[in-house]
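Reading through the structure tokens given below for one structure.
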Amino acid sequence: MRAGFVQFRPVFGEIAANIETMLGLVSSAEADLLVLPELATTGYTFTSREELARISEPFESSPSLDALQNLARERDCALVVGFAESSGDALFNSSALLYPDGDRKLYRKIHLFGAENLFFTPGDIPFEVHDFRGVKLGMMICFDWFFPESMRTLALRGAQIVCHPVNFVLPWGPKSMTVRSLENRVFSITANRYGTETRGEYSFSFIGSSQVISPVGEVLADAPREGDSVAVVEIDPALALDKKLNKFNDLFASRRPEFYGNITGKD
């Protein structure tokens with residue numbers, strides 16, 4: 001499978017321009033699967049829930065997702081992209097898996113970061129795995145990485161590739177994703193944005209550094225901290241099915257969940 005990331009700098013509120021940028025960058029790549037950043041259609045730095053509500057889009061009838069899905073069909077590839085989703089009175093930081101045949105799957109960010117908690121509704125969809133051309137794909141978004149349970153849940157459910165749209169500002173993210181891939185023996189594709197976005201009292205400097213990581217923690221492709229970047233690598237997803245570390249240890253078979261318990265942190 002040819003898989004990779006698209007890194008760019010969304011302009012806040014300029015949805016049409018952001019879509020055009022993504023269309024141009026995706027059109028330059030020959031890939032089966034591409035991952036784009038978190039909130040790629042809108043930009044990140046909202047200042048009120050009312051502002052977020054004005055530019056969020058429904059998952060099933062989003063003009064932004066429709067345009068990207070048309071491109072997925074033309075390019076015969078799957079796209080994973082972050083967007084601001086409206087669903088009734090709820091507003092989610094979401095990602096969509098867009099198939100070239102017109103099907104689409106949804107994930108809503110479970111672990112909200114910082115001021116996102118003021119504006120977004122916490123995700124209400126469990127971590128799920130979806131099939132694409134015989135390969136199992138999972139989605140998580142940005143700060144989900146800080147919680148090892150996120151990627152472990154996807155791996156236990158059979159994910160071979162974890163698609164990870166992000167707006168990384170914390171410096172530990174890229175290195176930590178190497179560990180997440182290694183401890184779960186899965187591929188991960190992290191797609192970040194770059195640049196500084198300042199609005200109202202909030203200012204964020206994003207660190208770029210998008211990357212593709214192998215099940216043994218090898219960096220297969222990475223991007224600089226600044227600048228648009230598209231990278232595609234040839235991977236063998238079957239490698240993520242092998243959980244053997246040595247002849248004595250299988251990563252999942254060696255787990256002993258009977259000793260882990262149902263720990264809530266409140267015991």
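- A distance of 11.0 Å separates CG in L118 from OG1 in T47, rounded to the nearest 0.5 Å.
- Note: the hydrophobic cluster containing M177 also contains I189 (ILVMFWY, side chain heavy atoms under 4.5 Å, direct or indirect links).
- Looking only at side-chain heavy atoms (C-beta outward), W145 and W172 come within less than 4.5 Å of each other.
- Residue F248 places its CZ atom among 12 or fewer non-hydrogen atoms of other residues, nucleotides or ligands, all under 6.0 Å distant.
- Checked by atom type, the side-chain pair Q211/T190 shows no donor-acceptor distance below 3.5 Å.
- The heavy-atom pair separating F5 from S210 by the smallest distance is CD1-CB, 3.5 Å.
- The shortest side-chain heavy-atom distance between I110 and F147 does not fall under the 4.5 Å cut-off.
- In this structure, CE in M151 is found 11.5 Å from CG in D144, a value given to the nearest 0.5 Å.
- Counted by atom type alone, S56 and S86 present zero donor-acceptor pairs between their side chains at under 3.5 Å.
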Ring pair (Phe, Tyr, Trp, His ring centres under 6.0 Å) evaluation trace for F132 with Y99: CA-CA 8 Å; F132 178 59; Y99 288 90; 5.8 Å; yes

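- In this structure, OG in S94 is found 5.0 Å from CG in L106, a value given to the nearest 0.5 Å.
- The CG atom of L79 sits 8.0 Å away from the CG atom of L33 when rounded to the nearest 0.5 Å.
- Residues L39 and Y194 do not share a hydrophobic cluster, clusters being chains of Ile/Leu/Val/Met/Phe/Trp/Tyr side chains in contact below 4.5 Å.
- No side-chain heavy atom of T178 sits under 4.5 Å from any side-chain heavy atom of L182.
- Contact of the N167 side chain with the P37 side chain is registered, since non-hydrogen atoms from C-beta on lie closer than 4.5 Å.
- One finds a salt bridge joining R75 and E30 here, because a Lys/Arg side-chain nitrogen approaches an Asp/Glu carboxylate oxygen to under 4.0 Å.
- Linking ILVMFWY side-chain heavy atoms closer than 4.5 Å, directly or via other members, places I213 and V162 in two distinct hydrophobic clusters.
- Each of E116, E38, H111 was scored for a side chain to side chain contact (heavy atoms under 4.5 Å, CB included) with C142, with one residue passing: E38.
- Counting heavy-atom neighbours within 6.0 Å of N249 CG, excluding the residue itself, gives a total above 12.
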Candidate pair Y44 and F12, rule ring pair (Phe, Tyr, Trp, His ring centres under 6.0 Å), full reasoning: CA-CA 7 Å; Y44 180 80; F12 186 87; 9.4 Å; no

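- Note on E85 versus R108: salt bridge recorded, some NZ/NE/NH1/NH2 to OD/OE distance being below 4.0 Å.
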Test ring pair (Phe, Tyr, Trp, His ring centres under 6.0 Å) applied to F46 and Y202, step by step: CA-CA 8 Å; F46 292 93; Y202 304 107; over 10 Å; no

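- At a cut-off of 3.5 Å, with distance as the only test, no side-chain donor of Q7 or S229 sits close to an acceptor on the other residue.
- The distance from atom CZ of F83 to atom OG of S95, rounded to the nearest 0.5 Å, is 7.5 Å.
- With values rounded to the nearest 0.5 angstrom, S64 atom OG is found 12.5 Å from Q69 atom CD.
- Aromatic ring centres of Y107 and F127 lie closer together than 6.0 Å.
- S181 and S188 share a donor-acceptor pair across their side chains, judged by distance under 3.5 Å alone.
- The hydrophobic cluster containing I125 also contains F143, counting ILVMFWY residues as joined when their side-chain heavy atoms lie under 4.5 angstrom apart, directly or transitively.
- Stacking of R49 on the aromatic ring of F119 is not recorded, the 6.0 Å distance cut-off and the 45° axial limit not both being met.
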